[in-house]
Amino acid sequence: MFFSAFFLPFIAAGVVACGKCRKSFDTTTAMRAHFDRNNACIHTPAQWPPREVQRLSHSAVGGVGGHVGLRHAPATVGSRGVDRRPRLEDNGAVPCNPPTVPTAFEQPDALHDSGGGGSGGEGSGGAGGARVAPPLNTTYAEVASDVADEASALPAFDTRREVFNFLKEFRNGVGMTQAEAKRFFRLINHPLFDKAEISQWKGMRDVERYACEVLGKHHGTWRKERVFVEGMTEAVELEYCDTLEALKDMFGNPQNSGGFKLHPETAYTEGSKRIFGRPETGMWWEAAQAALPSRDDVVAALIASSDVTHLSHNGRQKVWPLQISLANIPREARWKMSARAMVALLPLPDTDLPSEVKTRLFHACLDIVFAPLVKASKSSIAITDPFGVTQRVFPLMYAYVGDYPETCRVTGTMQHGCKMPCSLCQVPAELLDCLDRKFPWRTMFEQQQALASKERARNMGTHNVENVFWKWNHAKTEWGNPYQIVVPDVLHAVDIGIWKHILHQLVASCGASVLVEFDRRHEVLYKEARAAGLKLPKPGKYFQTAGCGYSASEHRAMMQVTLFILHGKVLDTVLDLVQSFLSWYTLCFRRPHHTRETLKDVVIRSQNLIAMCKRVFAFQKSHWKLVKMHLISHFPWAIMSRGIPEEYSTNTYEHSHTSLVKRPYRLSNRRQINSTIIAVDEVRRWMRALPSALQDDTKYLSAMKLAMETGRRTLTKASSAMVLELAAGHKRVVDDPWEKYNQELEGAMSFLPAAAAVAGVEAQCLQVHSALAIPAGDPHLGEPVENEWARATPSFHGKPCFSHVWAEHGGGPVLGKVLLFFHASGAPHAGYAFMRLLQVSGTDDCTGLDRFSFSADGAAPAGFAVVPLGNVKRVAHVVRSFKEPSEWLLNAYVF
């Protein structure tokens, strides 16, 4: 990407420049292409200082034979040296325009010793030559003000039609997403944006690269510092930004105002039982608020997360980002970039260093990064909240989330071969499988005493490291215990932890032919699970590889169907184990809130789970004495203290690695990775502050709306509204996917008029829809309101998709398969669902799940029903039994 002169703090001494727009180019080819695209710049002489002209005529041009009176093109540095040829006009003559007066960005004095590279040049250096520096007293505000006076440097989109035409050509007729439209329009409103750069863009990657390379250099919020600790041979470089400014940005951003919490809340059920759900309902926030000097003071509940991330497939390129967020912001909004911030790129230590030295370096870096927050936790800081009110805020560490190795670094504990491997409590390694016993917590006082004796530190599994979290305010209190901030993470401890251990033992106990049958059933369920909203991984090798190489979300999806895959192929004890795991998982992690009674049930189920694991898979190598197995005993405490595990899961922060470090890595040259990541973060910080000034700009909003609509693809026939004409003995479907559908729907259509008449639908012409959004969640109990999608279409991504739903019909709940969503043309607001009902046929002996079956077609129309859309309650997952194909099993473990 090429830079404009007024964008950069320097310009190359040996480049070609346009005298009209002051744009510089590395090669004459790029310059001629620029002239072809801009008619106003044709035949305009390049502007160069007189001393530069004299130097070029005698040195850089060299053997060409130039003299002071002639105007030669400056030397161009390419990949193979210097191009000393003069630029010729169309008639073949050398341009002889007199030199012009240098501008504010072109200092002749700075060019005295510069060289263009190659031989024959005065003071020749490397391929890049010398650089021209701007005046030392030029500030960013002066540059922005100077650029604002240049009409050609600002975006000249005067009408929406201009934006429409540009985007249509730029995106090749494809519309922009809302996020892309926002990024684009924030970019063109930047005071240093150059409209001339638009002609060189070919896609959104060019836009991001331009923002990174040009605009990211003008916002210096990141800094560098050399860090050296005992045991290292050389210092390493830490790159970080001001965490206090990041806190102010998140805490005061109006975009985070929805559901933002300033004080703790106590919620109760109808039976006066206390609810533990969101962070503000936990006991930690209540204790932290009580410890503040005033009731009006506010706790900024910080969530920190760090993890080493691989950027390349070969594992050679890695970064270690550190992120912070706020528990004051609702979990649903914490996915946004305005609700979290990357505050540091931690240095990666040498692999040869001892683990204690690595831990000491980690805490030394955290001490530098968190120093402003530690000071503010003791003295407070005034911050404006998202509602515009200035608050007295005390930042306190709510949770530090990460995988097991990361939590060991945070607490300074050993990972392998120690007597007490848990980061939270002092459980001996030989008692990790005893979930029915309680062990004392690690505390700041005991850990400091352990450091005085090497033998005691070794017994407690503690490194000789001064923990940075000892310096935070209230670290000596019970609720502010710095060793309790490393709450257990459901993603690493369960999804890719305990579940993978169970799956590994299951695969080891099955033969090859059984595993092939598992994969066949997986393929069958893969086609049918979409109707219930389950996104299963592609079938083929999940069981043969024991789940290796699959993400946590894919493991969660397979948990919900593994019981049906194993049905009839394994022992009943194995099915009981899987069912015990699913019942514990559903109760502990998939409830929007808990009470003390439900938490007691969680404890009982976790103890039953470990007992069944030791009984069914007794040949497990470590006899289930696993740290991840022990961590599940801490979940009930974590829920009472800090809310449900979804509030402090690493899923949010590991997912953000894609936008924070992986996408910037693709824009880099694979060498200066950190600088590119930081430049992109600089632009992102500036863009987050810009929309507040553009909210009332009708031109901005209308242009952004038009950008998203530009070239939008029409909906496919399968998802568009379809007309179904019904008459006596005649039916015609005006759509190819419906005409090609199987005989099940064709046979059911004959019962639609009778079922519609029962529901009071007399219209003969119905408008059919492909999907229905069903709101789920109770906002009064703090549950997020999300939509479940029930679909009834023969072509969803090219394949049939008909959902099973629960509905109210005939005075009670019914379960059925939706065949149509429609409404009468005369009453567009009265929608209905045409369902084929399922009848309960018993209970499965192995799993205890309810068995259902369809009624025979001869019993119709009793086997069909037309239900108002308001009576459709939720989506159900019904799986065809592999033992009895005519029966269906209701999945009770859908997360």
### Query
For Asn608 and Ser580, what are the C-alpha separation, side-chain angles and deciding distance, and is it a side-chain hydrogen bond (donor to acceptor under 3.5 Å, both in side chains)?
CA-CA 8 Å; Asn608 293 338; Ser580 176; over 6 Å; no

For residues [X] and [Y], determine if any side-chain heavy atom of one lies less than 4.5 Å from a side-chain heavy atom of the other.
| X | Y | result |
| --- | --- | --- |
| Glu517 | Arg521 | yes |
| Pro488 | Ile632 | no |
| Arg791 | Ser770 | no |
| Met835 | Leu819 | no |
| Trp789 | Leu772 | no |
| Tyr832 | Leu820 | no |

Identify the heavy atoms of [X] and [Y] that sit nearest to each other, and give their distance.
| X | Y | answer |
| --- | --- | --- |
| Ile498 | Lys628 | CD1-O, 3.6 Å |
| Ser622 | Leu626 | OG-CD2, 3.1 Å |
| Tyr550 | Glu554 | CD2-OE1, 3.2 Å |
| Ala552 | Leu491 | CB-CG, 3.7 Å |
| Gly643 | Tyr648 | O-OH, 2.9 Å |
| Glu430 | Lys625 | O-NZ, 3.3 Å |

Are any of the side-chain nitrogens in [X] or [Y] under 4.0 Å away from the carboxylate oxygens of its partner?
| X | Y | value |
| --- | --- | --- |
| Arg334 | Glu647 | yes |
| Lys541 | Asp519 | no |
| Glu280 | Arg331 | no |
| Glu646 | Arg590 | yes |
| Glu597 | Lys600 | no |

Are any side-chain N or O atoms of [X] and backbone N or O atoms of [Y], one a donor and one an acceptor, separated by less than 3.5 Å?
| X | Y | value |
| --- | --- | --- |
| Glu788 | Val875 | yes |
| Trp806 | Val872 | no |
| Ser633 | His630 | yes |
| Gln560 | Arg556 | yes |
| Asp489 | Thr650 | yes |
| Arg274 | Ala267 | no |
| His594 | Cys588 | yes |
| Ser649 | Pro645 | no |

Using ring centroids (six-membered ring only for Trp), state whether [Y] and [X] fall under 6.0 Å.
| X | Y | value |
| --- | --- | --- |
| His877 | Trp888 | no |
| Phe635 | Phe589 | yes |
| Phe564 | Phe882 | no |

### Message
In terms of relative ring orientation, are Phe543 and Phe518 parallel, tilted or perpendicular, with 30° and 60° separating the classes?
### Response
tilted

#### Entry: Verdict with supporting geometry, Asp495 and Tyr585, side-chain hydrogen bond (donor to acceptor under 3.5 Å, both in side chains)
CA-CA 10 Å; Asp495 295 343; Tyr585 189 94; 2.7 Å; yes

### Interatomic spacing from OG1 in Thr586 to CZ in Arg605 - rounded to 0.5 Å
8.0 Å

### Atom pair OH/CD1 of Tyr542 and Ile565 - distance to nearest 0.5 Å
8.5 Å

